[in-house]
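First comes the structure, then the notes that go with it.
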Amino acid sequence: MAGTASQSTHEGATAARAVWSRDFALFFAARAIARLGDTMLPVALAAGLLQHGYGAGAVGLAMASTAAAFAGLVVFGGVLADRFSTRRLMIGADLVRLGTQAAAAVLFFSGHVVLWQICAIGFVNGVASAVFQPGVASTVPRLAADIQGANGAIRVAESAAQLAGPAVAGLLVGFASPGGVFAAHATTYAVSAGCLLLLRLPPLTPGPAAAGPRTKAFRADLVEGWHEFRSRRWLWGVIAVWCVYMIAVWGPTVPLVATEVVQEHGARAYGLVNSALGAGTVVGGLVALRLRPRRMLRAGAIALVGFAAFPASVGAGLDVPAMAAGAAVAGAGMSFWGVMWATSVQTQVPPDVLNRIHAYDVAGSLAMMPVGQALAGPAASALGADHVLLVSGATSFAVCAALLLIPAVRGLVRVDAATAGSGRVARKAQQSRAEKC
């Protein structure tokens, strides 16, 4: 028993060393703090614009300006990240967002708030995010030997920030003003940029695509990234299924759950359900730190079944504790899937094209979300919001089944497992030859 405990302790310490280092800690802090600021932004926009006489449509337009710029330009950001220093691009993006959010804070503090200016600031933020995001994919493998553990740790931190962000923003709005939230958001980008400035990023391990000279045109790099994306059936298969998921599950769930819960049980109940969702994502990230499935996408797809509990519990008209429980299960499943997916992409794709493929992944994943959100209202008017949510829950099962029915997805073996397996085969072959001799 003592030997077992000692071995377990040793393995835990080894796993921690495979994740945590000075440089990964800096990157971890940068992601967690920036995520905290990002989750404060919707509260600041809603409170600030409503205080200055604008309606819900103006809030949606301000948010859409950021989302449209990000979704439309993230693929080009992936090419930039593969051509130039990802660290410098991320620092530059953080500094741009520091400036834009400081400008927004000045507008709200001065009381001179014009919608087109807020939308323009949001658009610039979206452009900066499109430059920043692709580099995240290639940074994690360069900083941590245990890529899954690193992704799990970041997921837990981002989930905790998502829980705390709206509460912090609410306090700042109550005790200061919406301008104070924008000032705090700008500060989070300053801290993130500072952490990345101190970061020492190891050189990129060249892959097959890096064999030739880096003199290709921007368009050629864009096309090469598309070919690399298209050549991996498991990758584009997941994205194709995810488009259906965004239209029929995630897109309708977010606005309709908010509407149904607030109307039936009040804003406090919706806050409780949303907090349960966030707590579930923390649990899912912690589970992903421990479980090491050989077929990661298969395990992730099975866990993703749990998301059906969120729209289904609300659509079925269950009480608030039951809806909160459904939200927690959904958050855990979604978080576990997220770690399995991110780790698969980061370990299966060559480093020199990883940023571009991650950009195609992000763009494809988000492309259909506005469609689902736009269709949610008409569908609810025609069928009833509760029925739409029940259909979303059923579709969630169908999506997970579709993922598992794709051989390239369910059969994808994690890289370290495949390497270990080939190593065992090689050792057995050597032993067999030695015995024959």
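Computed from a prediction, not measured in an experiment: that's the story for all the values here.
- Legend: residues meeting ring pair (Phe, Tyr, Trp, His ring centres under 6.0 Å) with F132, ordered by chain and number and at least two apart, are absent.
- If you take CG on L412 and CE on M296, they are separated by 9.0 Å, rounding to the nearest 0.5 Å.
- Considering only heavy atoms from C-beta on, F27 stays 4.5 Å or farther from R142 through its side chain.
- At a threshold of 4.5 Å between non-hydrogen side-chain atoms, the residues M340 and Q148 count as touching.
- Annotation: side chain of V345 is in contact with side chain of L354 (closest heavy-atom distance under 4.5 Å).
- By the side chain to side chain donor-acceptor pair (under 3.5 Å) test, R230 pairs with H227, sequence neighbours left out.
- Across every non-hydrogen atom of W337 and A301, the tightest pair is CE3-N, 3.5 Å.
- The nearest pair of heavy atoms linking V305 to C400 is N-SG, 3.5 Å.
- In this structure, V282 and L286 have side chains that are in contact, with non-hydrogen atoms separated by less than 4.5 Å.
- You'll find the side chain of F307 reaches within 4.5 Å of the side chain of Y245, heavy atoms only.
- Not counting sequence neighbours, W242 has no partner by the side chain to side chain donor-acceptor pair (under 3.5 Å) test.
- Here the closest heavy-atom approach between residue Q346 and residue P141 is recorded as CB-CG, 3.8 Å.
- Pairs engaging residues 177-203 under the salt bridge (charged side-chain N to carboxylate O under 4.0 Å, His left out) rule: none recorded [sequence neighbours left out].
- Sequence neighbours left out, not one pair with a member in residues 119-138 passes salt bridge (charged side-chain N to carboxylate O under 4.0 Å, His left out).
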(request) Give the intermediate values and the outcome of side chain to side chain contact (heavy atoms under 4.5 Å, CB included) for residues I121 and Q101. (result) CA-CA 8 Å; I121 287 173; Q101 296 310 92; 3.7 Å; yes

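- Judged by distance alone, with hydrogens and angles left aside, the side-chain atoms of R410 form a donor-acceptor pair with the main-chain N or O of L405 at under 3.5 Å.
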(message) Could you go through T66 and N125, starting from their C-alpha distance and side-chain angles, then the distance that decides it, and tell me whether this counts as side-chain hydrogen bond (donor to acceptor under 3.5 Å, both in side chains)?
(response) CA-CA 6 Å; T66 301; N125 277 344; 5.2 Å; no

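- Residues meeting the ring pair (Phe, Tyr, Trp, His ring centres under 6.0 Å) test with Y360, sequence neighbours left out: W226, F229.
- Contact between S21 and F24 at its shortest, heavy atoms only, is OG-N, 3.2 Å.
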Do any side-chain atoms of residues 309-330 form donor-acceptor pairs under 3.5 angstrom with protein atoms, and if so which ones, sequence neighbours left out?
from: S313; atom 1: OG; to: A309; atom 2: O; distance (Å): 2.8
from: S313; atom 1: OG; to: F310; atom 2: O; distance (Å): 3.0
from: D319; atom 1: OD1; to: A322; atom 2: N; distance (Å): 3.1

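- The structure places CG of L143 at 9.5 Å from OG of S138, a figure rounded to the nearest 0.5 Å.
- Contact of the L297 side chain with the L403 side chain is not registered, since no non-hydrogen atoms from C-beta on lie closer than 4.5 Å.
- Listed by first and then second residue, the ring pair (Phe, Tyr, Trp, His ring centres under 6.0 Å) pairs involving residues 92-124 are H52-F108, F108-F182 (not counting sequence neighbours).
- Considering CD1 of I357 and OG of S231, their distance stands at 6.5 Å, rounded to 0.5 Å.
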Please report, to 0.1 Å, the donor-acceptor pairs under 3.5 Å made by any side chain of residues 28-48, with sequence neighbours excluded.
from: R35; atom 1: NH2; to: Q162; atom 2: OE1; distance (Å): 3.1
from: D38; atom 1: OD1; to: H185; atom 2: NE2; distance (Å): 3.1
from: D38; atom 1: OD1; to: Y189; atom 2: OH; distance (Å): 2.7
from: T39; atom 1: OG1; to: R35; atom 2: O; distance (Å): 3.3
from: T39; atom 1: OG1; to: L36; atom 2: O; distance (Å): 2.8
from: T39; atom 1: OG1; to: A161; atom 2: O; distance (Å): 3.4

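- Residues R414 and T343 have side chains that never bring a donor and an acceptor to within less than 3.5 angstrom of each other.
- Screening V131, D94, L196 for a side chain to side chain contact (heavy atoms under 4.5 Å, CB included) involving L89 leaves a single residue, V131.
- In this structure, the separation between CZ on R87 and CG on L197 is 5.5 Å, given to the nearest 0.5 Å.
- The shortest non-hydrogen separation linking A184 to L172 is CB-CD1, 3.8 Å.
- With sequence neighbours left out, T347 forms a side chain to side chain donor-acceptor pair (under 3.5 Å) with no residue at all.
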(request) Apply the test side chain to side chain contact (heavy atoms under 4.5 Å, CB included) to residues I154 and V136: give CA-CA distance (whole Å), side-chain angles for both, the deciding distance (0.1 Å), then the verdict. (result) CA-CA 11 Å; I154 291 173; V136 173; over 6 Å; no

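- Considering every non-hydrogen atom in both S335 and G284, the closest pair reads OG-C, 3.7 Å.
- A distance of 9.0 Å separates CD1 in I239 from CE in M246, rounded to the nearest 0.5 Å.
- Residue pairs satisfying the side chain to side chain donor-acceptor pair (under 3.5 Å) criterion with at least one member in residues 391-402, sequence neighbours excluded, are absent.
- The CE atom of M90 sits 4.5 Å away from atom OG1 of T86, with the distance rounded to the nearest 0.5 Å.
- With sequence neighbours left out, T188 forms a side chain to side chain donor-acceptor pair (under 3.5 Å) with no residue at all.
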(request) Determine, step by step, whether L235 and E228 satisfy the side chain to side chain contact (heavy atoms under 4.5 Å, CB included) criterion, reporting the C-alpha distance in whole Å, the side-chain angles of both residues, the deciding distance to 0.1 Å, and the verdict. (result) CA-CA 10 Å; L235 186 60; E228 291 283 347; over 6 Å; no

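- I147 has its side chain out of reach of V415: every pair of non-hydrogen atoms, C-beta onward, lies at least 4.5 Å apart.
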